[in-house]
2 protein chains.
Amino acid sequence: MAPAAERVTIETPVHDEPENLPDPLPEPSVDDLQLEKVLGALADPLRLTIVRKLMLESENYDHTCGWFGFDRPKSSLTHHFKALRQAGLIRQRQYGLERRSRVRTEDLNQRFPGLLDLVTAWHEV
Amino acid sequence: MAPAAERVTIETPVHDEPENLPDPLPEPSVDDLQLEKVLGALADPLRLTIVRKLMLESENYDHTCGWFGFDRPKSSLTHHFKALRQAGLIRQRQYGLERRSRVRTEDLNQRFPGLLDLVTAWHEV
DNA sequence: TGCTTAGTTCGAGAAAACTCGAACTTAGCA
DNA sequence: TGCTAAGTTCGAGTTTTCTCGAACTAAGCA
């Protein structure tokens, strides 16, 4: 979390992130997160699995949807990842052909403290 | 079977309820509560309102659906209360013609600690 | 007895979500 | 230059959910 101070110019927003990440795909801002939407996005075993696995196994790397190893058609995965992103649960960035995801942990803990604990506590089917 | 209350001191029994309550309508047992189902049931503004209002304003009484004052057809309310009951969020008992509801606070706190806090923290639309 | 009340079930239409194949896009690479 | 990989969008079929009216049920009561 060390701020990379040198390169930050005045007019660019301050990220304490690694350099030069691609911009996130469109997502709701923290203030626009809606509990109903968030709960609805999590009301699906596959999506619950995605979020949980990202939190428990991702070791600070973002992951492609291939990483999860789901045996589903690609278009289905696109559908579910998009649902998670549009509800504000994950952030997605494009790296060349790959689209990598992470959980918006800080945002979610700020707006809905305790929510992610429920996800991690969820015992897999 | 969990070991019974050997180490409980002089505490009053947890249920200081009035006797002779009518049996609850069919509902999932604590162990059968599923996070996906619970979240799905809460992923609706009206149902979120029901649970929240029951928790914040019900002063230990169970309430009929009329108490909420929703301007919706009765069959719609039946639908949503049933959804909440089948997901395990509320317990319903029949008193004559009236069907009264309460939140299954203990069960939910046991299985999904923190969940109900999210509901109470939800700021109304 | 019949009326009112607080619900229910049933059924149908509308809207939303899930699932998936097919065709497409594009970055990287040999 | 063209192949491959990791995704996307589109569209259709299926399923689920929402919504609500209509008809029904049963308790309480004058």
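Within every chain, numbering begins at 1; the chains are lettered A, B, ... in the order of the sequence lines, protein sequences first and strands thereafter. These figures come from a predicted structure and were not determined experimentally.
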Measure CG/B:Asp44 against C1'/C:dA15 and give the value in whole Å, please.
14 Å

From CZ of A:Arg93 across to P of D:dG7 the rounded distance in Å is 16 Å

Atom of A:Thr120, atom of A:Asp117 and distance for their closest heavy-atom approach:
OG1-O, 3.0 Å

What is the distance, to the nearest angstrom, from the CZ atom on A:Arg100 to the C1' atom on D:dA5?
13 Å

Which heavy-atom pair separates A:Leu89 from A:Val38 by the least distance, and what is that distance?
CD1-O, 3.8 Å

A:Glu36 CD to D:dC18 P, in whole Å, measures 13 Å

Within residues 80-89 of chain B, those residues having any heavy atom closer than 4.0 Å to DNA chain C are B:Lys82

Expressed in angstrom and rounded to an integer, what is the separation of A:Trp67 atom CH2 from D:dG7 atom P?
13 Å

Looking at every strand, decide which applies to B:Arg47 at a 4.0 Å heavy-atom threshold: base, sugar-phosphate, or nothing.
sugar-phosphate

Minimal non-hydrogen separation, A:Trp122 against A:Pro45, with atom names:
CH2-O, 3.8 Å

Within this structure, what is the CD1-to-P distance between A:Ile50 and C:dC18, rounded to whole angstrom?
11 Å

How close or far is atom P of D:dG7 from atom CG of A:Asp62, stated in whole angstroms?
13 Å

Would you give the length of the straight line joining atom CG of B:Leu46 to atom CG of B:Leu77, rounded to the nearest 0.5 angstrom?
7.0 Å

Scan nucleotides 20-30 of chain C nucleotide by nucleotide, 5' to 3', and note B when protein non-hydrogen atoms come under 4.0 Å of the base, S if they reach only the sugar-phosphate, - if neither.
BBB---BB---

For atom CG of B:Leu25 and atom P of C:dG7, their distance in whole Å:
12 Å

Which atom of B:Ser101 lies closest to which atom of B:Ile90, heavy atoms considered
OG-CD1, 3.9 Å

Give me the atom names and distance for the closest heavy-atom approach of B:Arg47 to B:Ala83.
NH1-CB, 3.8 Å

Check each of B:Arg100, B:Arg102, B:Arg91 against B:Asp62 using the side-chain hydrogen bond (donor to acceptor under 3.5 Å, both in side chains) test, and report the only one that passes.
B:Arg102

Going by distance alone, is a donor N or O of one side chain under 3.5 Å from an acceptor N or O of the other, for A:Asp32 and A:Ser29?
yes

Are a donor atom and an acceptor atom from the side chains of A:Gln92 and A:Arg99 found within less than 3.5 Å of each other?
no

